[in-house]
Amino acid sequence: MNETIKTMLDRKSCRSFKKEQITDDELKLVVDAGLAAPSGRNLQPTIIVAVQDKETIAKLSRINAAVMESDKDPFYGAPTVLVVLSKQTRTGLEDGSLVIGNMLLAAYSIGLGGCWIHRAKQTFETEEGKELLKEWGIEEEVFGVGNCILGYPDGELHPDLEKYAERAIYVK
Ligand SMILES: Cc1cc2nc3c(=O)[nH]c(=O)nc-3n(C[C@H](O)[C@H](O)[C@H](O)COP(=O)(O)O)c2cc1C
């Protein structure tokens, strides 16, 4: 089996991270894999904001948790949060989802832990979220697709057998 297929079959979501930050090279590999995702009409409407500043992560975590009325950290203490935003094109949501899919696979393939964390849409509909967009220099109209948390996994990740339930129909 080739390495790409193996990565796809073995990838698991990680929700427990070491405190240590990932390297800039690792970050760039994952971001580049995200940017290389296909997009409808090749409009490339997505923007990735790689957040490693602790204060900003704490702010994003607080806004995200508030959507669920929770006081727990929805990012599980991950040291890196990749926020994926998209412009309002016809396929912006699908394009952004592929970006996150690519990044999760790339992360897993180089030994990083990653997980999609939802509620980016609601996050960037809040006043605080809109202020962050301004701070990041994003002037155009965008919406939040999702967050991809990253870090070194704390502990082993085991295959999720449930994932392999038969959900395919072959019509020949
Ligand atoms: C659209 C989407 C939203 C998700 N949101 C969250 C989330 O907010 N928090 C979380 O811990 N996991 C989230 N996940 C991860 C899923 O729970 C996870 O992919 C699923 O349980 C299957 O596990 P696996 O990724 O290890 O195969 C999300 C996944 C997707 C695709």
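All ligand and atom numbering here is 1-based and tracks the order in the structure. Here, residue 1 is the first one in the sequence, and each next residue gets the next number.
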Query raised in the report: Is it true that the side chains of Q21 and T80 contain a donor and an acceptor less than 3.5 Å apart?
Result: yes
**Report entry** Identity of the nearest option to atom 13 (C) of ligand 1, non-hydrogen atoms only, from Y108, Y76, F75, W116
**Finding:** W116
Query - Distance-only donor-acceptor check, side chains E94 and S97, under 3.5 Å - result: no
Query raised in the report: So does K121 have more than 12 non-hydrogen atoms from other groups sitting under 6.0 Å from NZ?
Result: no
Query raised in the report: For atom 9 (N) of ligand 1, which protein heavy atom lies nearest, and how many Å away is it?
Result: I117 CD1, 3.6 Å
**Report entry** No-hydrogen, no-angle side-chain donor-acceptor test under 3.5 Å, D95 and T46
**Finding:** no
Requested in this report: Report the member of R15, M68, H118, H158 with the shortest heavy-atom distance to atom 15 (C) of ligand 1.
Outcome: R15
Query raised in the report: Does an N or O anywhere in K12 fall below 3.5 Å from an N or O of ligand 1?
Result: no
**Report entry** For R119, atoms of ligand 1 separated by under 4.0 Å from a heavy atom
**Finding:** 8 (O)
Query raised in the report: Is E3 paired with K6 through a side-chain N to carboxylate O contact shorter than 4.0 Å?
Result: no
Query raised in the report: What part of C115, side chain, backbone, both or neither, has a heavy atom within less than 4.0 angstrom of ligand 1?
Result: side chain
Report task. Tell me which protein heavy atom sits closest to atom 22 (C) of ligand 1, plus the residue, atom name and distance to 0.1 Å. Result -> D160 OD2, 4.4 Å
Query raised in the report: So does R62 pair up with E128, basic N to acidic O under 4.0 Å?
Result: yes
Report summary line: heavy-atom search around atom 24 (P) of ligand 1 in the protein gives S13 OG, 3.5 Å
**Report entry** Which atom of V31 lies closest to which atom of M103, heavy atoms considered
**Finding:** CA-SD, 4.3 Å
Report task. Give the atoms of ligand 1, by number and element, whose distance to some non-hydrogen atom of R11 is under 4.0 Å. Result -> 24 (P), 25 (O), 27 (O)
